[in-house]
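Report on the structure given below.
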Amino acid sequence: MREMLRRALTTVPRSQAGGALVEPAPFRAPQRLQSLDVFRGLTIAAMLLVNNPGTWSHVYPPLEHAAWNGWTPTDLVFPFFLFIVGVATTFSLGSLIDAGVGRVGLLRKVVTRAGLIFALGLLLQGFPHYDLAHLRIFGVLQRIALSYLLAAGIVLLTGVRGQALALLGLLLGYWTLMTLVPVPGLGHGVLEPEMNLSNWLDLRVLGVNHVWQETRTWDPEGLLSTLGAVASVLCGVLAGHWVRTRRGPDVKAFGFLYAGSMTLLVGWIWSHVFPINKSLWTSSYVLFSAGLACLVLAATYWLVDVKGYRRWTWPFLVFGTNAIAAYWLSTLIAIVLDWLVIAGPDGEPVVLKTYAYETLYASWLAPANASLAYAVSYVVLWLGLLSVLYRRRIFIRI
């Protein structure tokens with residue numbers, strides 16, 4: 001994928017699969033994997049939709065996160081993106097190794113890209129005032145950066161077997177830590193909000209002023225739960241290896257279908273003792289979401305790359321080939337809309353977003369429909385803006 005995440009997440013939008021990542025023999029000649037762009041674009045569009053309702057007071061339940069244990073479609077968006085990062089990492093690092101780049105040079109590129117993505121996340125967290133004493137250190141882009149950095153390091157240091165063992169170690173190790181290590185004053189095995197090892201560690205290491213400001217007691221993108229996020233990326237890495245083999249397209253599609261179904265099943269079974277929980281990024285959540293991601297990739301791969309049905313893919317290619325730019329810019333503008341104050345019809349000050357929402361949508365639609373209409377309009381707005389870049393073949397790289 002030459003386009004956007006090649007620089008940011010070592011993603012190549014229409015993935016060039018050629019040569020070997022670790023073992024030369026199993027891999028096939030260069031190919032284009034447009035389905036990965038489509039999957040990424042669908043995920044980014046979903047991110048914009050769920051992150052930008054007209055008002056958080058009126059949101060349809062599927063567009064909200066689960067309160068704690070369990071899941072909604074919204075809870076799948078972030079792990080889907082990390083899964084895609086893993087698939088793309090397999091392609092991009094393999095291509096660079098084929099081009100003769102040494103592992104030290106690759107590691108330097110990985111660290112630089114991860115650092116830039118982390119910095120972009122911090123810029124969003126602090127905007128517009130940058131109160132360093134209360135700046136949230138982690139967030140969505142920071143989690144992407146750390147997960148990519150650690151997973152890419154594992155890819156550079158190990159082969160496929162080592163990566164599978166690392167995934168298994170992360171899943172079992174995180175489960176062990178969360179259920180067997182006692183939390184001071186609470187004991188072990190407590191997985192409730194503000195009463196678990198992950199939250200306790202965030203408060204001790206980051207401090208109350210640098211965690212999620214909605215709670216000030218825990219952070220959904222905190223330190224320990226990043227282990228689960230790294231596992232999500234490694235699931236994608238292993239899927240990427242499968243795509244790069246010499247097997248035929250039908251076999252690959254069936255392999256995704258089978259692996260996704262089995263992974264989904266294992267995650268569901270595991271959830272009975274280690275609940276599916278996005279805020280803690282539990283091991284069952286990793287497998288459950290990775291299984292569903294594999295099924296979605298199977299469908300898009302079959303439709304786009306095998307059968308060639310591509311007319312419907314344009315909107316998702318627009319988002320998928322400028323993914324980080326779409327997320328970062330749309331989030332920045334959303335912050336601005338929530339920050340700027342203008343004079344309302346009665347002369348009283350009103351937040352710009354509130355004025356636009358109430359004037360254009362809430363004035364004639366039911367609250368939940370108005371909130372959803374605002375979110376859909378925001379997605380369409382960014383589709384139009386990014387389509388200009390797409391038509392001119394402009395792909396913002398880090």
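As a basis for the values below, the full set of heavy atoms in this structure was taken, side chains included, without hydrogen atoms, waters or symmetry mates.
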query = Is a side-chain donor-acceptor pair under 3.5 Å present for Asn369 with Tyr60?
reply = yes

message = Is there a path of hydrophobic side-chain contacts, each under 4.5 Å between heavy atoms of I/L/V/M/F/W/Y residues, joining Leu172 to Val273?
response = yes

key: Sequence neighbours excluded - side chain to side chain donor-acceptor pair (under 3.5 Å) pairs with any residue from residues 179-195   = Glu194-Thr217

ask   = Should we say atom CZ of Arg204 is surrounded by more than 12 heavy atoms from elsewhere, each under 6.0 Å from it?
value = yes

message = On a heavy-atom basis, which atom in Val155 and which in Leu93 lie closest, and how many Å separate them?
response = CG1-CD1, 3.8 Å

inquiry  = So, using ring-ring contact (aromatic ring centres under 6.0 Å, His included) as the criterion, who are the partners of Tyr355 when residues are at least two apart?
reply    = none

query = Are any of the side-chain heavy atoms of Trp281 and Val230 separated by less than 4.5 Å?
reply = no

request  = Report the residues that fulfil side-chain hydrogen bond (donor to acceptor under 3.5 Å, both in side chains) with His134, sequence neighbours left out, ordered by chain and then residue number.
outcome  = Asp131

message = Is the shortest side-chain heavy-atom distance between Leu385 and Val388 below 4.5 Å?
response = no

query = So do Ser35 and Trp302 actually touch side chain to side chain, heavy atoms under 4.5 Å?
reply = no

key: More than 12 heavy atoms of other groups within 6.0 Å of Tyr130 OH   = yes

remark   = With sequence neighbours left out, the residues meeting ring-ring contact (aromatic ring centres under 6.0 Å, His included) with Trp328 are none

query = Quick one: does Leu264's side chain get under 4.5 Å of Phe288's, heavy atoms only?
reply = yes

ask   = Quick check: does any side chain N or O of Asp37 sit under 3.5 Å from a backbone N or O of Phe316, one acting as donor and the other as acceptor?
value = no

task = Work out which heavy atom in Leu234 is nearest to a heavy atom in Gln163; give both atom names and the distance.
result = CD1-O, 4.3 Å

query = For the residue pair Thr321 and Tyr390, what are the closest heavy atoms and their distance?
reply = OG1-CD1, 3.4 Å

ask   = Got Trp242 and Arg247 here, is their nearest side-chain heavy-atom distance under 4.5 Å?
value = yes

message = For a quick test of reading the model, state the closest non-hydrogen atom pair linking Met195 to Asn199 and the distance between them.
response = N-OD1, 4.0 Å

query = Hey, is CH2 on Trp312 packed in by over 12 heavy atoms from elsewhere, all under 6.0 Å?
reply = yes

Enumerate, atom names and distances included, each donor-acceptor pair closer than 3.5 Å involving a side-chain atom of residues 330-344, sequence neighbours excluded.
{"unit_1": "Ser330", "atom_1": "OG", "unit_2": "Ala326", "atom_2": "O", "d": "2.7"}
{"unit_1": "Ser330", "atom_1": "OG", "unit_2": "Tyr327", "atom_2": "O", "d": "3.1"}
{"unit_1": "Thr331", "atom_1": "OG1", "unit_2": "Tyr327", "atom_2": "O", "d": "2.7"}

ask   = For Trp68 and Leu191, which heavy atoms make the closest approach, and how far apart are they?
value = NE1-O, 2.8 Å

task = Report yes if the side chains of Tyr174 and Ser225 come closer than 4.5 Å at any heavy-atom pair, otherwise no.
result = yes

Donor-acceptor pairs are to be reported for all side-chain atoms of residues 44-59 against protein atoms at under 3.5 Å, with residues two or more places apart or in another chain.
{"unit_1": "Asn51", "atom_1": "ND2", "unit_2": "Met47", "atom_2": "O", "d": "3.2"}
{"unit_1": "Asn52", "atom_1": "ND2", "unit_2": "Leu48", "atom_2": "O", "d": "2.8"}
{"unit_1": "Thr55", "atom_1": "OG1", "unit_2": "Ser57", "atom_2": "N", "d": "3.2"}

task = Name all pairs fulfilling the side chain to side chain donor-acceptor pair (under 3.5 Å) condition that reach into residues 70-87, sequence neighbours left out, sorted by first residue then second.
result = His65-Asp75, Thr72-Asp75

remark   = The ring-ring contact (aromatic ring centres under 6.0 Å, His included) partners of Phe80 (sequence neighbours excluded) come to Phe39

remark   = In short, side chain to side chain donor-acceptor pair (under 3.5 Å) pairs touching residues 256-278 with sequence neighbours left out are Asn69-Asn277

query = Who are the ring-ring contact (aromatic ring centres under 6.0 Å, His included) partners of Phe138, not counting sequence neighbours?
reply = none

With Ala239 via side chain to side chain contact (heavy atoms under 4.5 Å, CB included) - residues at least two apart = Phe83, Val87, Phe256

task = Apply side-chain hydrogen bond (donor to acceptor under 3.5 Å, both in side chains) to Ser284 and list each qualifying residue two or more places apart in sequence or on a separate chain.
result = Thr282

task = Taking all non-hydrogen atoms of both residues into account, name the closest pair between Leu167 and Ala231 and its distance.
result = CD1-O, 3.4 Å

